Trainee: 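First the structure, which I've put down as structure tokens, then a few questions once you've had a look.
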Amino acid sequence: MREIIFSTESGADLRGDLAQKYGVQVVPMHVIMDGQDYLDGFIPVADIYDYYERTKKIPSTTSTNSNEYHDFFTKIKADFPGCIIIHIGYTSRASSSFQNATIAAKEFDDIFLIDALNVSGGLMAIVMYAVSLLKAEPSIDPARLIEKIESQVPQSRLAFVPGSLDFLRAGGRVSNAAYLGGSLLKIKPLIELVDGRLVSTKKYRGKMSRVIEKMIRDYLNEYNIDKGQLYFLYSIGLDESIKKQVDEIAEEAGFKHVTWIEAGAVISTHCGPGAFGIAGLEI
């Protein structure tokens, strides 16, 4: 039986302990500050916000390039001889990363690519679903495994409220950025993944604690999320009292397991400090 190895990008925000536990291979994306290239996962997120405070400049991000993917896949093949690689990638509609992975994969046998059409916790939810499938059925046919994973791509629901509109606008990833409106009115836009693109779908007003409570309740009312697993995402700066409040709402709603995820450097560059998100798989 050939070993199956899952891989993804750092933009999945897959926690290091989970990646190690389940053998998921993670390739870094990039953060650029003053022309200097930093690998996501190898730079403290706090450095990004410190940089902004000093310079009032917002870093940019870039995808993993095809040469990096080639080296990444080569190493996996060397570490796990004869393995099958299933790469679950960052949405192709907000980054060139998936396209670059596709270019690199042409030089290898038995590498299968799945466009998750999602980012951060939404991508992580699909990766962890794949992990759970393989754990439950170690002898599953790879084609059947891929089919099941792909069936969950449209079921992954990610929504978040950015901590800073400055970071969100500068990132240029929201397709209807003009909708965001004036930050002076204390408006908090809700950003969701719609067909693989980041779209502002609602506006909330008020304190972050009230906004997040309303956001979670709206999310759980709109989507029939699998009660087995819910993901909460945050960037540095989110108040600890809000985390406690969020846990209580999830418990009240009957969720059996909640995983908290701290946004990595790439995602934090787009959402700003103090952001909050929620992700899960709809059933």
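Note that the structure is a prediction, hence the values are computed from the model and not measured.
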Trainee: Quick one, I5 with Q25, criterion side-chain contact (heavy atoms from CB on, under 4.5 Å). Give me CA distance, side-chain angles, the key distance, then yes/no.
Mentor: CA-CA 8 Å; I5 302 297; Q25 307 299 303; 3.7 Å; yes
Trainee: Run the ring-centre check on Y223 versus Y219 and record whether the distance is less than 6.0 Å.
Mentor: yes
Trainee: Under the ring-ring contact (aromatic ring centres under 6.0 Å, His included) rule, collect the residues that match up with Y22, sequence neighbours excluded.
Mentor: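 In terms of ring-ring contact (aromatic ring centres under 6.0 Å, His included), with neighbours along the sequence ignored, Y22 is linked to no residue.
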Trainee: Please report the shortest heavy-atom distance between A250 and L230, naming the atom on each side.
Mentor: CB-CD2, 4.3 Å
Trainee: Under 6.0 Å from the six-membered ring centre of Y204 and within 45° of its axis: does the NZ or CZ of K188 meet both?
Mentor: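 No, a cation-pi geometry is absent between K188 and Y204.
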Trainee: Decide whether T259 and Q229 meet the rule of one side-chain donor and one side-chain acceptor closer than 3.5 Å.
Mentor: yes
Trainee: If you look only at pairs with a residue in residues 142-153, which of them pass as a salt bridge (Lys or Arg N to Asp or Glu O under 4.0 Å), with sequence neighbours excluded?
Mentor: E137-K148, R144-E147
Trainee: Table please: side-chain donor-acceptor pairs of residues 69-77 below 3.5 Å, with sequence neighbours left out.
Mentor:
| residue | atom | partner | partner atom | Å |
| --- | --- | --- | --- | --- |
| Y69 | OH | E9 | OE2 | 2.4 |
| Y69 | OH | S97 | OG | 2.5 |
| H70 | NE2 | E107 | OE1 | 3.2 |
| T74 | OG1 | H70 | O | 2.7 |
| K75 | NZ | D79 | OD2 | 2.6 |
| K77 | NZ | C83 | O | 2.8 |
| K77 | NZ | D109 | O | 3.0 |

Trainee: Can you tell me how the ring of W260 sits relative to the ring of Y234, calling it parallel under 30°, perpendicular over 60° and tilted otherwise?
Mentor: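 W260 and Y234: perpendicular rings.
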Trainee: Output yes when a side-chain donor or acceptor of D40 lies under 3.5 Å from a complementary backbone atom of P28, and no otherwise.
Mentor: no
Trainee: Could you go step by step and tell me if S96 and S63 meet the side-chain hydrogen bond (donor to acceptor under 3.5 Å, both in side chains) rule?
Mentor: CA-CA 6 Å; S96 62; S63 62; 2.8 Å; yes
Trainee: L233 versus F276: any side-chain heavy-atom pair under 4.5 Å?
Mentor: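 Side chain of L233 against side chain of F276, heavy atoms only: no contact under 4.5 Å found.
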Trainee: Please give me the minimum heavy-atom distance between S66 and I103, naming the atom from each residue.
Mentor: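 Taking every non-hydrogen atom into account, CB-CG2, 4.1 Å.
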Trainee: Same cluster or not: V153 versus I85, using hydrophobic residues (I, L, V, M, F, W, Y) connected whenever any side-chain heavy atoms lie under 4.5 Å apart?
Mentor: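 The answer is no; the residues belong to distinct hydrophobic clusters.
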Trainee: Ignoring hydrogens and geometry, is there a side-chain-to-backbone donor-acceptor pair from E282 to N224 under 3.5 Å?
Mentor: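 Confirmed, E282 side chain pairs with N224 backbone.
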